[in-house]
Protein chains: 2
Amino acid sequence: MATVSRVLNGKEVVREETLRQVLAAAETLHYVPNVAARSLSIRRSHTVGIVLPDVHGEFFSEVIRGIDVAARHAGYHILVSGSHSDVGEMLEVLGAMRGRVDGLIVMAPDVAHASLHQSLPSDLPLVLLNSTDEGRDAITIDNYGGAQAMMRHLAGLGHVHIAFIKGPAQNADARERLRGFRHAMRGLGVTATRHLELAGDFTEESGHAAALKILTLAPRPTALFAANDAMAVGALAALAEAGTAVPGEMSVAGFDDIPIARYVAPPLTTIRVDIADLGRRAFGLLLGAIEQPAGSAAGRRDCIATTLIVRKSSCSPAIHTTTSARPDRKLRGRRKGEES
Amino acid sequence: MATVSRVLNGKEVVREETLRQVLAAAETLHYVPNVAARSLSIRRSHTVGIVLPDVHGEFFSEVIRGIDVAARHAGYHILVSGSHSDVGEMLEVLGAMRGRVDGLIVMAPDVAHASLHQSLPSDLPLVLLNSTDEGRDAITIDNYGGAQAMMRHLAGLGHVHIAFIKGPAQNADARERLRGFRHAMRGLGVTATRHLELAGDFTEESGHAAALKILTLAPRPTALFAANDAMAVGALAALAEAGTAVPGEMSVAGFDDIPIARYVAPPLTTIRVDIADLGRRAFGLLLGAIEQPAGSAAGRRDCIATTLIVRKSSCSPAIHTTTSARPDRKLRGRRKGEES
DNA sequence: CATCCGGATGTAACCGCTTACATCCAGCGC
DNA sequence: GCGCTGGATGTAAGCGGTTACATCCGGATG
């Protein structure tokens with residue numbers, strides 16, 4: 001039976017003839033190796049765990065899809081647990097996965113929960129998604145670079161008064177995007193940006209509310225950059241209700257390129273993030289850590305690039321709207337007519 | 001050590017005092033039971049496998065979410081494998097899951113692949129999603145009922161000439177929706193419906209193409225019912241390009257209530273399917289089959305209810321458009337002016 | 001006081017595989 | 001002919017639990 005094991009694992013030399021016999025016998029007996037016994041013996045399950053918070057549809061599925069194909073390719077399986085609303089639940093699952101998996105991919109964008117980071121098992125290969133922690137491997141999105149790319153786009157169109165709708169304060173992605181915005185604004189010579197930064201929490205409603213506030217600013221910004229697409233969509237709705245033309249009177253930009261971004265009116269200019277790639281790379285990093293436990297010191301980083309997607313929601317600010325003249329719909333309407 | 005096992009499983013009587021000692025020791029030693037050893041011994045992994053074809057974002061994540069929460073609640077884990085483009089790949093994964101899971105939830109809506117059904121392990125509890133097979137447990141969506149509900153809605157508004165954009169011929173969901181449409185049409189006294197049924201394959205492009213064909217029918221239908229939302233969205237785009245007012249000249253309805261359905265212009269009237277519930281119930285059925293293997297004869301069925309969601313894309317047909325007058329854009333434009 | 005009883009705990013076989021080590025055997029050089 | 005060598009295969013000791021069965025022990029019973 002040692003020989004059978006050798007044949008099935010193919011890692012040792014077996015006589016050609018014997019090999020054939022074993023294979024034939026296995027075939028006729030419908031033999032299927034017992035996975036549990038093998039795991040017990042080699043202390044490896046060829047399974048990786050994925051723990052996600054309660055993230056939404058497209059993101060959730062794309063991350064998993066990315067990890068899934070990479071894992072399948074490497075002969076690994078994935079044990080998934082999503083929609084954890086609180087840290088306690090997450091820790092519980094993390095505990096239950098112990099022993100079942102060879103490594104873990106954990107997404108916990110809310111850096112606030114230091115308790116979680118402390119409780120992560122230290123004896124298991126682990127990579128973090130969209131959050132960092134000294135001494136642990138992590139994959140992040142190039143939020144800073146993406147935000148700067150969008151700002152370059154807007155600035156290139158001629159915008160200077162650009163408002164920004166922020167994400168949750170404790171969210172790592174949101175913070176980086178904000179950092180990118182601020183840096184770009186300084187580059188445009190605008191140093192006092194605080195009044196141009198509106199609070200938001202990544203929901204459509206918060207985007208809606210923030211957009212209404214932006215309309216009251218004087219001078220009124222000519223462009224609005226939301227830290228994610230959901231808020232940009234909310235903003236678009238608010239602007240439509242207020243009768244503000246997009247992009248005529250106000251350019252709007254988002255971040256993420258969620259699927260509906262191309263269907264809203266007007267289609268949204270945004271930053272695309274290749275989420276499946278995020279998953280793929282996370283698995284790659286994890287696999288490396290699993291296969292060479294003593295491998296290069298932990299703390300490896302990998303960053304996912306972003307792409308600027310220009311659609312119809314952004315354009316150059318019209319000359320007359322850059323002045324802070326109070327909006328007068330009839331008048332503007334006539335002027336528009338003259339122009340065309 | 002037998003006693004330790006008894007304490008940890010709590011299934012046998014142990015002296016109060018001993019129990020405390022064991023627990024204390026386990027605590028100080030950071031003892032964590034080895035899952036593989038336990039599975040080997042009790043021949044159960046407390047894990048269920050989920051195998052999905054290459055389905056899209058929202059559906060994928062919702063099904064998994066539904067199963068996930070139900071499973072977690074019951075102390076089970078889920079092993080996921082998605083995005084299988086062909087049957088061979090699916091079978092491979094199915095094989096690899098053998099021994100790793102106590103049961104399987106498989107989605108294979110393309111009934112055409114009888115080979116798959118034959119190759120499904122027969123010694124493992126298994127429930128099918130959106131496809132049926134004699135003698136196997138299955139959960140389906142109430143496609144027939146949903147389609148009828150939508151038809152009742154349209155008929156109630158006064159529509160009689162209703163076109164239908166079909167889904168892939170071998171897709172079980174698509175077939176049932178078509179059946180619902182036909183039955184309802186007979187109820188409306190329309191017996192020859194074939195010319196009102198346009199081919200489609202669940203993609204936006206096919207919906208776009210089908211809508212253009214519908215515009216050429218005489219008498220022109222006053223309503224269009226697509227077998228899924230993606231095609232309805234495509235149709236909406238086609239109608240907008242052709243300058244056909246929705247819902248004024250043509251009511252449009254879809255099926256699924258995908259997230260963007262509420263963001264398109266006009267918001268889409270559709271049939272909502274509670275997908276998370278689909279997953280939840282599938283797990284429930286599977287759990288039953290796992291816990292009483294000899295349980296009631298296999299072949300249990302469960303059906304997910306659907307809900308009619310009325311939005312802005314449907315309304316009563318204007319009186320003049322129910323006649324079969326040939327469309328004349330200028331003329332219709334003037335008439336409209338007179339009405340308002 | 002010997003026997004019996006039943007609850008609590010200890011013992012060891014077993015789950016099915018991997019793998020270090022033992023064994024076997026053919027070919028080789030001396 | 002003999003000891004060696006090395007490749008192929010057999011043997012058995014784990015891996016870390018579960019659980020049937022044996023054992024132990026204090027109290028009730030005859």
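Both backbone and side-chain heavy atoms feed into the values below; hydrogens, waters and symmetry mates do not. First the proteins, then the strands, lettered A, B, ... as listed; each starts at 1. Everything numeric in this text was worked out from a predicted model, so none of it was measured.
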**Study point:** Lys/Arg-Asp/Glu bridge criterion (N-O < 4.0 Å) met for R280(A), D277(A)
**Key:** yes

Exercise for review: Find out whether R72(B) and I78(B) are in side-chain contact, i.e. whether some heavy atom of one side chain is under 4.5 Å from a heavy atom of the other.
Suggested key: no

Exercise for review: Quick one: sort the H46(B) and Y76(B) rings into parallel, tilted or perpendicular, breaks at 30° and 60°.
Suggested key: tilted

Check your understanding: How does each nucleotide of nucleotides 5-18 of chain D score, in 5' to 3' order, for protein heavy atoms under 4.0 Å: base (B), sugar-phosphate only (S), or none (-)?
Key -> ---SBBB--BBBBB

**Study point:** Polar side chain donor-acceptor pair, D173(B) to N143(B), under 3.5 angstrom
**Key:** yes

Check your understanding: Considering all heavy atoms of both residues, which atom of T306(A) and which atom of D142(A) are nearest to each other, and what is their separation?
Key -> CG2-O, 3.7 Å

